[in-house]
Amino acid sequence: IHYFTLGLVCIVILVLGSLNLNFLFGLLNRNASLTGRLPFWSFLLDNGLKNAPIIGNGLGATWESNNFRFTSMSDIKWDLPPLVSDNGYMDIFLHLGLIGVSLLIIVVLFCLFRAVRHAIKFQSIGSFFPILSMIIIIIVNFSLSFFLELESFAWFLMVFGLFTSTPFPKKPKAMEEIQKSPA
């Protein structure tokens, strides 16, 4: 009952927080456009959809071009050229297109599904760690390029979550027969 209550309280806090984003960001002297990132992401989405929506520009090719950096800087009216999109999903879309984003979402959802199934089965504190790590990876990837930059720790956490939530296979029947044989 206390887990259900805690989950319900968290959901209510998230809903109330999302309804009052301007007030919450105002406490930190920011605005709800995430310090200009939303117009930037709109520009990047339009650019990606116009140029190469299916397969993207190639891994790392988008941000290697100074022309693209300065074009985006002038279009979004920033003082400095951006180096990355500060959104992992957007970077994967620009680099690998809809195919890359689809594959990433499939892998992340598969890991999350396995972690939830593992936590429900064992119901211990340790079995909930893969769920927490997957939730952190999903949320942080909205504000950082967590999958494509030098952040290999996210991939490590996903692989760790997969390994810890993988059930051990039962002994093969051949092994049981070998153990039963007198030789």
Fill in: Linked hydrophobic residues, Phe163 as query - side chain contacts closer than 4.5 Å
Val159
Worksheet item: Where is the tightest heavy-atom contact between Pro53 and Phe93, given as atom of each residue plus distance?
Response: O-CE1, 3.8 Å
Worksheet item: Less than 4.5 Å apart, any side-chain heavy atom of Arg37 and any of Asn87?
Response: no
Worksheet item: Which other residues belong to the hydrophobic cluster containing Val12, where Ile, Leu, Val, Met, Phe, Trp and Tyr are joined when side-chain heavy atoms lie under 4.5 Å apart, directly or via other members?
Response: Leu16
Discussion item. Could you work out, with ring-ring contact (aromatic ring centres under 6.0 Å, His included) as the rule, every residue matching Phe142, not counting sequence neighbours?
Written reply: Tyr89
Worksheet item: Can you pull the salt bridge (Lys or Arg N to Asp or Glu O under 4.0 Å) pairs that have at least one residue in residues 41-70, sequence neighbours excluded?
Response: none
Response to the item:
Sorted by chain and residue number, the side chain to side chain contact (heavy atoms under 4.5 Å, CB included) partners of Thr62 (sequence neighbours excluded) come out as Asn57, Phe68, Leu94, His95
Item to complete: Using side-chain contact (heavy atoms from CB on, under 4.5 Å) as the criterion, point out the one residue from Leu112, Ile139, Val116, Leu157 that pairs with Met134.
Response: Leu112
Item to complete: Please name the pair of heavy atoms, one in Trp41 and one in Ser85, separated by the smallest distance, quoted to 0.1 Å.
Response: NE1-O, 2.7 Å
Worksheet entry | Side-chain heavy-atom pair Leu96, Val101 within 4.5 angstrom cut-off | no
Discussion item. Do Pro82 and Trp63 make a side-chain contact, defined as non-hydrogen atoms from C-beta onward lying under 4.5 Å apart?
Written reply: yes
Worksheet item: Mind checking who shares a hydrophobic cluster with Val9, ILVMFWY linked at side-chain heavy-atom distances under 4.5 Å?
Response: Ile13
Discussion item. Is there a side-chain contact between Lys121 and Ser127 in this structure, where contact means two heavy atoms from C-beta onward sitting under 4.5 Å apart?
Written reply: no
